[in-house]
Student: 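Below is a structure I'd like to ask you about.
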Amino acid sequence: MHDAVWVHARLAPMVGPVIRDGALATAAGRISWVGERCDWNGDARVEHDARGAWILPGFVDCHTHLVYAGSRAHEFELRLQGASYEDIAKAGGGIISTVRATRAASEAELLSLAQRRLRSWLAEGAAVVEVKSGYGLDRDTELKMLRAARRLEGVVVKTTFLGAHALPEEYKGRADAYIDFVCDEVLPAAAAEKLVDAVDAFCERIAFTRHQTARLFETAKRLGLPVKLHADQLSDLGGAALAAKHGALSADHLEYTSEAGIDALARAGSVAVLLPGAYYFLRETRLPPISALRSHHVPIALATDHNPGSSPLSSPLLAMNMACTLFRLTPEEALAGFTVQAARALGMQASHGTLQAGKAADFALWEIDSPAELAYAIGANPCVGRVRAGKSVLST
Ligand code: DI6
Ligand code: FE
């Protein structure tokens, strides 16, 4: 006996062909059957008529900085007057200004701010959201951020430790000592509290070197934690190759990655996570190497990179549109980027990203004529239903 079945649905399972008159059943929070409606002869306690709506796997946003306090709207104004993102960071603004506000906020305040932000993802049928720390840069605030992230409701949350996001003011001129502190105290404390699903770093001229990043990755390995990396966003520091060398789940941004770096990602089986929101908002002009990623068969995921400084973007749908418009991804690649490939970038391919029996019953219903419409439209939200662990949590 199945718990529920959705019939008269059009299904985009994100693996295999689409099904134009399908049925999808759930049992005990998982998908228990998917296929052509004419082949469905199971028993389900409840039958839902999808009335021709498309069902897709719930979106997986595999790169966000959703937990933080404060606003950076004034920096946006400064940039519009000509200041660069790097200028602002060097002058003590940027990430560090969000660190000040986040240190001053309580865990409850951080949770309530992030929970409010999360509404847009829920309205667009998201199933999984990754959330990074990295606006604490001290032990207590990093842990506070991760605890707040773990308490978010409505989606599956994956937490990533990003203690090596920027150099805090108290360590000015002592980046190596800060990395020692992160490796010896902060990351082990977060891991001991079981708050960490993966470890990330910002490897960049304005952040940490390859060598410092490698030291952090060694610590992650000792703690049995997978790694990912903010790589080659503003310059080519060889971040992608470094991530690949450490078997990273993903290397993210990649605007400046060389072909050798892409080859290394392909060999390591790491996912390339592209972040068009940051490219757009910082008015970057250097495109990530899409054709090389394709020719080397590197899986391409997309994410919002939601953060207050470089990508205040709260819409997976808009990120997909930007990926097509700015990066020339196909709508099919964009959809895969927010489902099957994003699940891989979080090591969740066994439970999310496709509509297949055995996976979590986390999916969304859309009133559209074809899945490509999700990447095509700007500012519309045709999500008409969201199912989480087999239960309908949004329907209109
Ligand atoms: N790269 C980014 O684009 C964000 N973090 C990072 O490592 C920016 C975060 C911020 O400006 O607050
Ligand atoms: Fe980021």
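These figures come from a predicted structure and were not determined experimentally. Numbering of ligands and ligand atoms starts at 1, following listing order.
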Student: Is any N, O or S atom of His253 under 2.8 Å away from the Fe ion (ligand 2)?
Tutor: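 His253 does not place any N, O or S atom closer than 2.8 Å to the Fe ion (ligand 2).
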Student: Could you tell me which atoms of ligand 1, counted from 1 in the order shown, lie closer than 4.0 angstrom to a heavy atom of Arg72?
Tutor: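 Near Arg72, the atoms of ligand 1 are 10 (C), 11 (O), 12 (O).
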Student: Give me the one residue out of Leu329, Val273, Leu254, Val271 that meets side chain to side chain contact (heavy atoms under 4.5 Å, CB included) with Ile300.
Tutor: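 Answer after filtering Leu329, Val273, Leu254, Val271: Leu329.
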Student: Check each atom of ligand 1 against the heavy atoms of Asn307 and keep those under 4.0 Å away; list them by number with element.
Tutor: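 Listed by number with element, the hits are 4 (C), 8 (C), 9 (C), 10 (C), 11 (O), 12 (O).
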Student: For Asp197, is there an ion pair with Arg150 - N to carboxylate O distance below 4.0 angstrom?
Tutor: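 Looking at Asp197 together with Arg150, the answer is yes, because their closest N to O distance falls below 4.0 Å.
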Student: Report the part of Tyr135 in contact with ligand 1, treating N, CA, C, O as backbone and CB onward as side chain, heavy atoms under 4.0 Å; options are side chain, backbone, both, neither.
Tutor: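 Under 4.0 Å from ligand 1, Tyr135 contributes side-chain atoms alone.
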Student: Counting each atom of ligand 1 from 1 as listed, which ones have a heavy atom of Asp305 under 4.0 Å away?
Tutor: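 The atoms of ligand 1 under 4.0 Å from a heavy atom of Asp305 are 3 (O).
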Student: Touching ligand 1 at all, Glu204? Heavy atoms, strictly under 4.0 Å?
Tutor: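 Contact absent.
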Student: For the hydrophobic clusters of this structure (ILVMFWY residues joined by side-chain heavy atoms under 4.5 Å, transitively), does one cluster hold both Leu335 and Val34?
Tutor: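 No; Val34 is not reachable from Leu335 via cluster members.
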Student: A side-chain contact here means heavy atoms from C-beta on lying under 4.5 Å apart; do Asp21 and His8 qualify?
Tutor: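 Yes; the side chains approach each other to less than 4.5 Å.
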Student: Considering the options Asp61, Thr64, Val129, Val157, which one meets the side chain to side chain contact (heavy atoms under 4.5 Å, CB included) requirement together with Leu118?
Tutor: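 So the option named by the test is Val129.
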Student: With a 4.5 Å heavy-atom cut-off, do Leu374 and Leu56 have their side chains touching?
Tutor: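 A side-chain contact exists here, since the closest heavy-atom pair is under 4.5 Å.
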Student: Heavy-atom contacts with Ser310 under 4.0 Å: which atoms of ligand 1 show up? List them by number with element.
Tutor: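 Under 4.0 Å from Ser310, ligand 1 has these atoms: 2 (C), 3 (O), 4 (C), 8 (C), 11 (O).
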Student: Using a strict cut-off of less than 4.0 Å between a Lys/Arg side-chain nitrogen and an Asp/Glu carboxylate oxygen, indicate whether Arg103 and Glu170 qualify as a salt bridge.
Tutor: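 Looking at Arg103 and Glu170, the cut-off is met.
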Student: Name whichever N, O or S atom of His230 ends up nearest to the Fe ion (ligand 2).
Tutor: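 When I compare the N, O and S atoms of His230, NE2 is nearest to the Fe ion (ligand 2).
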Student: If you round to the nearest 0.5 Å, how far is CG of Asp140 from CD of Glu107?
Tutor: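 One finds 11.5 Å between CD of Glu107 and CG of Asp140.
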Student: Is there a side-chain contact between Ser250 and His63, using heavy atoms and a 4.5 Å cut-off?
Tutor: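 In short, these two side chains do not touch, never coming nearer than 4.5 Å.
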Student: Name the closest protein heavy atom to atom 5 (N) of ligand 1, giving the residue it belongs to and the distance to 0.1 Å.
Tutor: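 Here the closest protein heavy atom is His165 NE2, 2.8 Å.
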Student: Any atoms of ligand 1 less than 4.0 Å from a non-hydrogen atom of His230? List them with their elements.
Tutor: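 What qualifies from ligand 1 is 1 (N), 6 (C), 7 (O).
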Student: Could you list which atoms of ligand 1 come closer than 4.0 Å to a heavy atom of Tyr85?
Tutor: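 Listed by number with element: 8 (C), 9 (C), 10 (C), 11 (O).
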Student: Return the residue, atom name and 0.1 Å-rounded distance of the protein heavy atom closest to atom 1 (N) of ligand 1.
Tutor: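 Answer, as residue, atom name and distance: Gln233 OE1, 3.1 Å.
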Student: Does Asp305 put an N, O or S atom under 2.8 Å from the Fe ion (ligand 2)?
Tutor: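 Coordinating: yes.
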